[in-house]
There are 2 protein chains.
Amino acid sequence: MDTRKRIKIDDVAAAAGVSPATVSRAINNPHMVRGSVRARILELAENMGYSADGAARALATRRSQAVGAIIPTLDNAMFARIIDGLQRHLYKSNYMLLLASSDYDPEKEFRNARVMLERSVDGLMIVGAVHDPRLYKLLEASGVPFVQTLAPARASPHPSIGYDSDTVAQLVVGYLRGLGHRDFGLVVGHTAFNDRVAAYIESVRKVLDSFDIKLAPDRVLHRQYTVEEGGNALQQLVRQGPLPSAIIAGNDTLAFGLIHEAQLQGLSIPGDLSIVGLGDSEFAANLPRPLTTVRTPKSEIGRLAADYLLGRIENRTVNLPGEMQVELVVRSTTGRPAVAAPSPAKARNKTLA
Amino acid sequence: MDTRKRIKIDDVAAAAGVSPATVSRAINNPHMVRGSVRARILELAENMGYSADGAARALATRRSQAVGAIIPTLDNAMFARIIDGLQRHLYKSNYMLLLASSDYDPEKEFRNARVMLERSVDGLMIVGAVHDPRLYKLLEASGVPFVQTLAPARASPHPSIGYDSDTVAQLVVGYLRGLGHRDFGLVVGHTAFNDRVAAYIESVRKVLDSFDIKLAPDRVLHRQYTVEEGGNALQQLVRQGPLPSAIIAGNDTLAFGLIHEAQLQGLSIPGDLSIVGLGDSEFAANLPRPLTTVRTPKSEIGRLAADYLLGRIENRTVNLPGEMQVELVVRSTTGRPAVAAPSPAKARNKTLA
DNA sequence: GTGAAAGCGCTAACAT
DNA sequence: ATGTTAGCGCTTTCAC
């Protein structure tokens with residue numbers, strides 16, 4: 001059925017009356033071919049609809065002109081934006097993006113990485129600083145440049161690009177503490193296979209420590225990143241008794257859920273409860289009650305990852321960017337606590353039956 | 001520096017005391033190799049850390065085991081979910097995903113497609129039913145199976161998977177009309193290079209026609225898909241005089257913007273204004289005022305696209321799914337219009353200074 | 001069932 | 001500046 005034959009370099013060479021090698025040069029190293037000849041070849045190639053076979057070129061050059069990226073899931077705006085930034089930047093350098101998701105499963109991540117390496121990706125982007133040891137072994141064995149994103153440089157022996165959770169925690173807790181809060185809750189993602197969550201909790205705890213505030217274990221709730229689960233977390237907190245005066249959320253989606261549920265429960269924000277998100281998603285600024293959150297550089301991370309990888313691939317000396325800027329965006333979900341933290345009577349009154 | 005040598009099929013063959021051909025068979029056509037030999041080869045391959053070179057295999061088989069996808073942008077949850085569905089399904093069949101974005105630019109889409117075809121993708125997913133003619137020519141010339149998503153089958157001569165905007169319009173307008181609305185506004189994306197928008201407008205207009213309702217040109221506003229722009233559209237509508245009693249938004253993000261701005265303007269929803277979104281994004285159900293919207297099957301579309309492409313690639317006879325189900329989800333942003341449509345005095349009173 | 005040999009389409013040394 | 005010659009690492013006839 002499929003009788004069309006793809007035209008190849010030999011066809012162009014024959015038509016131009018030169019050798020295939022010359023055609024190859026005209027395309028890849030134009031300066032090595034005399035002007036007139038080059039022009040003729042290029043025009044012919046264009047007219048004949050010639051374009052090099054990627055597999056053959058990859059085999060001959062040992063370069064695929066493709067970069068791989070493995071993320072937990074695309075169903076999370078943060079990763080989507082990182083990938084978007086990465087892809088846009090790769091595009092400019094004529095690199096393709098191979099994408100796969102791991103579902104937060106290190107085993108799946110490992111398998112995906114192996115497949116990508118088999119495809120000879122020239123570089124690989126992964127998320128976070130904690131991975132299957134076999135992955136690192138594989139990466140090292142292959143010699144393929146890779147970079148970890150959403151991992152602060154100082155936290156990993158491997159090349160990493162991201163912001164520092166300590167900075168975020170200082171910003172958030174410092175601000176809340178300045179407002180007068182002493183009683184905190186933390187609603188974050190699950191730590192299994194997500195080192196960013198563990199790091200953030202650790203950072204928050206550390207800063208809290210410096211203020212002589214302790215975070216009770218039952219004040220740290222783990223939920224999936226959905227609005228519903230955020231609401232569910234608030235219910236649980238209410239059920240547990242006196243509500244903290246401030247809740248720090250692991251991302252904006254959870255924060256939305258918290259806010260939504262709080263309002264359903266008749267709690268006023270920030271009167272009864274202050275809430276801080278993380279990520280500054282598009283919706284944060286545009287809710288009826290605009291969310292106080294931390295702006296993180298998502299597409300910037302993707303861009304820098306591309307930069308780094310491309311640099312390494314081309315054997316340029318590249319230095320990793322340092323920690324990236326984050327910024328506290330104060331909006332309307334945070335304020336002074338209504339009552340002295342030690343006796344949150346008001347919150348208790350609103351406890352669900 | 002990089003002295004590690006990747007181990008290849010000859011190495012395994014040598015170690016196993018067989019020919020490379022047999023190793024190849026053991027891996028790709030196990031039944032062609034005697035059990036004992038096969039076992040030995042496979043184990044050896046595993047231990048030696050052998051994995052086939054993708055480029056070489058692709059060159060020899062004329063198959064890349066990769067599928068390409070070109071979407072307008074990842075910075076839009078809809079496309080992100082489609083890709084997510086696509087990738088997950090490809091993964092199961094051991095296919096890789098090559099991803100690129102076009103920024104709603106047909107020229108860029110074309111260039112991306114060409115590069116992907118050079119890389120010998122085995123299939124290609126594109127979005128919508130309107131593309132650069134050169135793209136179709138290229139696709140046909142290459143013989144590579146492709147599929148259009150977010151395009152209803154009946155609207156294109158090319159294989160397409162999506163829902164029908166007529167159905168959506170009937171659902172939305174029918175419901176609103178049943179509530180008593182006669183005065184409509186439409187806030188959608190830009191039509192340039194986005195045939196879905198034009199189709200939706202057309203569909204809405206058609207259904208409105210059947211109710212003898214006309215849609216004034218200044219009641220159709222085009223905005224980018226951001227919350228801000230949605231709010232901006234409402235301002236414009238307010239500025240233009242009597243507000244429609246119902247606004248149909250091109251997606252949930254715009255709907256959020258409309259709601260948010262309406263509330264800032266002191267309009268009550270749905271008392272003064274009914275709003276319907278499109279897409280049923282995660283937030284739709286969880287806003288202080290849950291959004292009435294239309295649920296569209298996003299990851300399902302990705303999954304079916306993968307199915308179709310994989311089928312075509314393996315030369316199975318595949319039939320495209322018919323139109324896909326959409327569902328009106330009635331929540332709290334829609335209700336009966338407050339006043340008779342012909343004299344929306346109330347709305348006028350709220351016009352901005 | 002297994003091996004030998006011939007490519008797949010390109011690039012890169014090596015000549016000239 | 002250009003042509004010739006070898007591969008790149010795998011799969012796939014074709015023999016045996």
Side-chain angles (χ1 to χ4, degrees), chain A residues 2 4-42 44-45 48-66 115 117-122 142-143, chain B residues 2 4-42 44-45 48-66 115 117-122 142-143:
Chain A
D2 189 7
R4 51 212 134 211
K5 42 184 55 187
R6 183 165 170 161
I7 119 146
K8 46 196 194 187
I9 202 169
D10 296 312
D11 302 330
V12 179
V18 298
S19 77
T22 299
V23 176
S24 174
R25 291 188 191 104
I27 291 170
N28 302 308
N29 299 87
H31 66 274
M32 296 182 72
V33 176
R34 191 162 21 105
S36 58
V37 185
R38 186 201 323 153
R40 184 158 45 88
I41 292 175
L42 261 22
L44 225 33
M48 299 173 71
Y50 170 72
S51 70
D53 181 291
R57 172 178 282 167
L59 183 57
T61 59
R62 313 297 329 143
R63 285 272 187 92
S64 66
Q65 296 266 105
V115 175
L117 260 12
E118 287 172 9
R119 305 301 179 86
S120 322
V121 290
D122 298 334
S142 70
Chain B
D2 189 8
R4 52 211 132 209
K5 43 184 51 177
R6 183 167 170 158
I7 121 145
K8 46 197 196 188
I9 202 170
D10 297 310
D11 302 330
V12 178
V18 298
S19 75
T22 300
V23 175
S24 173
R25 291 187 189 105
I27 292 169
N28 303 309
N29 299 87
H31 66 274
M32 297 181 72
V33 176
R34 192 159 20 102
S36 58
V37 184
R38 186 201 323 154
R40 186 158 42 87
I41 292 175
L42 261 22
L44 224 34
M48 300 174 69
Y50 170 73
S51 70
D53 180 289
R57 172 178 281 169
L59 183 56
T61 60
R62 312 298 326 148
R63 285 270 188 96
S64 66
Q65 295 266 103
V115 175
L117 261 10
E118 286 172 10
R119 304 301 178 87
S120 323
V121 290
D122 297 333
S142 70

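Letters A, B, ... are given to chains in the order of the sequence lines, protein chains preceding strands, and every chain is numbered from 1.
- Applying the side-chain contact (heavy atoms from CB on, under 4.5 Å) test between A:Asp53 and each of B:Arg119, B:Arg62, B:Glu118 identifies B:Arg62 as the sole match.
- Here the shortest heavy-atom pairing between A:Tyr50 and A:Ile27 reads CE2-CD1, 3.6 Å.
- Proximity of A:Thr22 to the phosphate of D:dG3: a side-chain N or O atom is located under 4.0 Å from OP1 or OP2.
- Atoms CZ (B:Arg57) and C1' (D:dG9) sit 11 Å apart, rounded to a whole Å.
- The end-to-end axis angle of the helix from C:dG1-D:dC16 to C:dT16-D:dA1, rounded to 10 degrees and based on five pairs per end, is 30°.
- Across residues 32-42 of chain A, not one residue has a non-hydrogen atom less than 4.0 Å from an atom of DNA chain C.
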Between N or O atoms, less than 3.5 Å apart, protein on one side and nucleotides 5-8 of chain C on the other: list the pairs.
residue	atom	partner	partner atom	Å
C:dC8	O2	B:Ala60	N	3.4

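- A distance of 11.5 Å separates CG of B:Asn29 from OG1 of B:Thr22, quoted to the nearest 0.5 Å.
- A:Tyr50 places its OH atom 10 Å from the C1' atom of C:dT11, with the value rounded to the nearest Å.
- Here the closest heavy-atom approach between residue A:Pro30 and residue A:Arg38 is recorded as O-NE, 3.2 Å.
- Rounded to whole angstrom, the span from the CD1 atom of A:Ile9 across to the C1' atom of C:dG9 amounts to 8 Å.
- A heavy atom closer than 4.0 Å to some atom of DNA chain C occurs in A:Ser24, A:Arg25, A:Asn28, these being the qualifying members of residues 23-30 of chain A.
- Judged as a side chain to side chain donor-acceptor pair (under 3.5 Å), and not counting sequence neighbours, A:Ser120 has no contacts.
- When the salt bridge (charged side-chain N to carboxylate O under 4.0 Å, His left out) test is applied to A:Asp11, no partner is found at least two apart in sequence or on another chain.
- Between B:Gln65 atom CD and D:dC10 atom P the separation is 15 Å, expressed in whole Å.
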